[in-house]
Amino acid sequence: MKKMIAFLLAAILVLGCTACGSKKDEGNDRLAQIKEKGYIELCTEPYFAPFEYVDPTKTGDDQYQGMDMEVAKYIADKLGVDLKITALDFTAVLAGVADGKYDFAISAIAYSPERAEAMRLSDVYYATNTGYGFIVRSEDVGKYTDIDSLKDAVVITQSGSVQEALYNQYVNGACKEFKLVANMTDGYLAVSEGKADVCICSTASASLYAQANGGLDIPDFRFEVDPNMNGVCVAMPTEGTESLAELINQCIAELNESGKPEEWYSQYEAAAAELGIE
């Protein structure tokens, strides 16, 4: 009888611990939390057309336009929840999602090993394929052709970006001066206005800016990078996002199969140009 009672007590304890564990796991499940609160919170830096930009003719969350916003809306619709958008500087976007302050980030975020350690990254939803290089004034396109040519140059790029990591990896002080700015457009402007000579950039975005504004050009030089870096993905906190990541990757697979990202990119490239936003 004593053995039977001891066995029953042990079984109750095991079942009780299992139930507690299930509640704890459920409490940490980001997807369950999102469904319970009825909205998913996105953080983004809205100054990188056509991925994301601010339409001055609109207000509230509707003012945030671009391909990335369409991806975010698709994910929210798939979940059956509202989309709440928080606009931040790019470094705050990365820090906010890594710290778990926001449910996800979509902001033309490229893969890097360092980011993959700090946050959970989705599959690629849009491949840029053109790589990373320089944007310079048109008269200097033949002057800055490799790393060695930067020794007398003022180099600039966006703080917290993959481009900053490329500077640290490949240039790392081998230039006259290095500057950081909050967004990539400010880097392009600094080169155009003579405040910097070279902006390390994604050549896809930089080419669009150069074509729209004139006076700037893209030398042939490209950094050697992991092929995964030639594309953009969704970032999520690492803790409790396994099921959320699974759903987001499902959405990305559906979008890539339909060709929607490319369609949205072209749509918002034209829309931003009409607004004079580059």
Side-chain angles (χ1 to χ4, degrees), residues 44-53 66-69 71 89-91 93-94 105-116 121-138 140-141 144-147 150 153 155-171 178-192 196-213 215-235 261-262 264-266 268-269 272-273 277-278:
T44 188
E45 185 228 31
Y47 304 107
F48 199 62
F51 290 95
E52 48 270 317
Y53 60 90
M67 180 183 76
D68 283 354
M69 298 303 100
V71 174
D89 286 342
F90 192 66
T91 51
V93 168
L94 298 179
I106 308 183
S107 195
I109 296 171
Y111 167 88
S112 75
E114 294 79 14
R115 287 179 184 170
L121 298 177
S122 74
D123 296 336
V124 168
Y125 63 86
Y126 182 78
T128 57
N129 296 323
T130 54
Y132 297 88
F134 306 149
I135 187 170
V136 302
R137 290 180 290 278
S138 296
D140 292 335
V141 72
Y144 301 113
T145 56
D146 56 23
I147 301 297
L150 300 179
V155 177
I156 197 167
T157 198
Q158 183 181 29
S159 177
S161 65
V162 166
Q163 291 89 322
E164 182 185 1
L166 290 173
Y167 169 86
N168 292 331
Q169 180 180 353
Y170 290 102
V171 185
F178 179 55
K179 298 179 179 181
L180 288 169
V181 287
N183 60 73
M184 197 60 70
T185 301
D186 287 346
Y188 302 155
L189 282 170
V191 173
S192 180
D197 300 306
V198 174
C199 180
I200 299 175
C201 59
S202 163
T203 54
S205 168
S207 294
L208 292 175
Y209 185 91
Q211 291 167 16
N213 293 278
L216 298 172
D217 214 328
I218 314 295
D220 291 335
F221 171 80
R222 297 292 181 272
F223 289 96
E224 291 184 14
V225 300
D226 183 320
N228 288 324
M229 292 171 67
N230 288 320
V232 290
C233 52
V234 178
E262 289 77 11
W264 287 331
Y265 188 95
S266 297
Y268 286 104
E269 182 181 356
I277 298 169
E278 306 299 344

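Note that the numbering runs from 1 along the sequence shown for the chain.
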Verdict with supporting geometry, Phe90 and Val181, side-chain contact (heavy atoms from CB on, under 4.5 Å):
CA-CA 10 Å; Phe90 192 66; Val181 287; over 6 Å; no
Atom CG of Asp226: over 12 foreign heavy atoms under 6.0 Å:
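Above 12, so yes.
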Under 3.5 Å: donor-acceptor pair, side chain of [X], backbone of [Y]:
X      : Y      : value
Tyr126 : Met67  : no
Thr44  : Ile106 : yes
Ser107 : Glu45  : yes
Arg137 : Val191 : yes
Gln158 : Ala182 : yes
Glu164 : Gly160 : yes
Ser112 : Val162 : no
Ser138 : Leu216 : yes

Taking only residues two or more places apart in sequence, or in another chain, which ones meet Tyr167 in a ring pair (Phe, Tyr, Trp, His ring centres under 6.0 Å)?
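Only Phe178 meet the ring pair (Phe, Tyr, Trp, His ring centres under 6.0 Å) criterion with Tyr167.
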Qualifying residues under ring pair (Phe, Tyr, Trp, His ring centres under 6.0 Å), relative to Phe48, sequence neighbours excluded
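Checked Phe48 against ring pair (Phe, Tyr, Trp, His ring centres under 6.0 Å); matches are Phe51.
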Starting at [atom1] of [X], measure out to [atom2] of [Y] and round the result to the nearest 0.5 Å.
X      : Y      : atom1 : atom2 : answer
Tyr188 : Cys201 : OH    : SG    : 5.0 Å
Tyr170 : Tyr132 : OH    : OH    : 12.0 Å
Leu94  : Asp89  : CG    : CG    : 11.0 Å
Leu208 : Asn213 : CG    : CG    : 10.5 Å
Gln163 : Asn168 : CD    : CG    : 12.0 Å
Leu180 : Ser161 : CG    : OG    : 7.5 Å

If you compare all heavy atoms of [X] against all heavy atoms of [Y], which two are closest, and at what distance to 0.1 Å?
X      : Y      : answer
Arg115 : Ala110 : NH1-O, 2.9 Å
Gly187 : Ile156 : O-CG2, 3.9 Å
Gly231 : Val124 : CA-CG1, 3.9 Å
Ile277 : Ala49  : CG2-CB, 4.2 Å
Ala108 : Asp68  : N-OD2, 2.8 Å
Val225 : Met229 : CB-SD, 3.8 Å

Applying side-chain contact (heavy atoms from CB on, under 4.5 Å), run through Val232 and Ile109 and close with a yes or a no.
CA-CA 5 Å; Val232 290; Ile109 296 171; 5.8 Å; no
Among residues at least two apart in sequence or on other chains, which ones pass side chain to side chain donor-acceptor pair (under 3.5 Å) with [X]?
X      : result
Thr203 : Thr130
Asn230 : none
Ser192 : none
Glu52  : none

Tyr47 and Asp186: CA distance, side-chain angles, deciding distance, side-chain contact (heavy atoms from CB on, under 4.5 Å) verdict
CA-CA 10 Å; Tyr47 304 107; Asp186 287 346; over 6 Å; no
Would the Phe221 and Tyr144 ring centres measure less than 6.0 Å apart?
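No, ring centres 6.0 Å or more apart.
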Evaluation steps, side-chain contact (heavy atoms from CB on, under 4.5 Å), between Thr157 and Met184:
CA-CA 7 Å; Thr157 198; Met184 197 60 70; 3.9 Å; yes
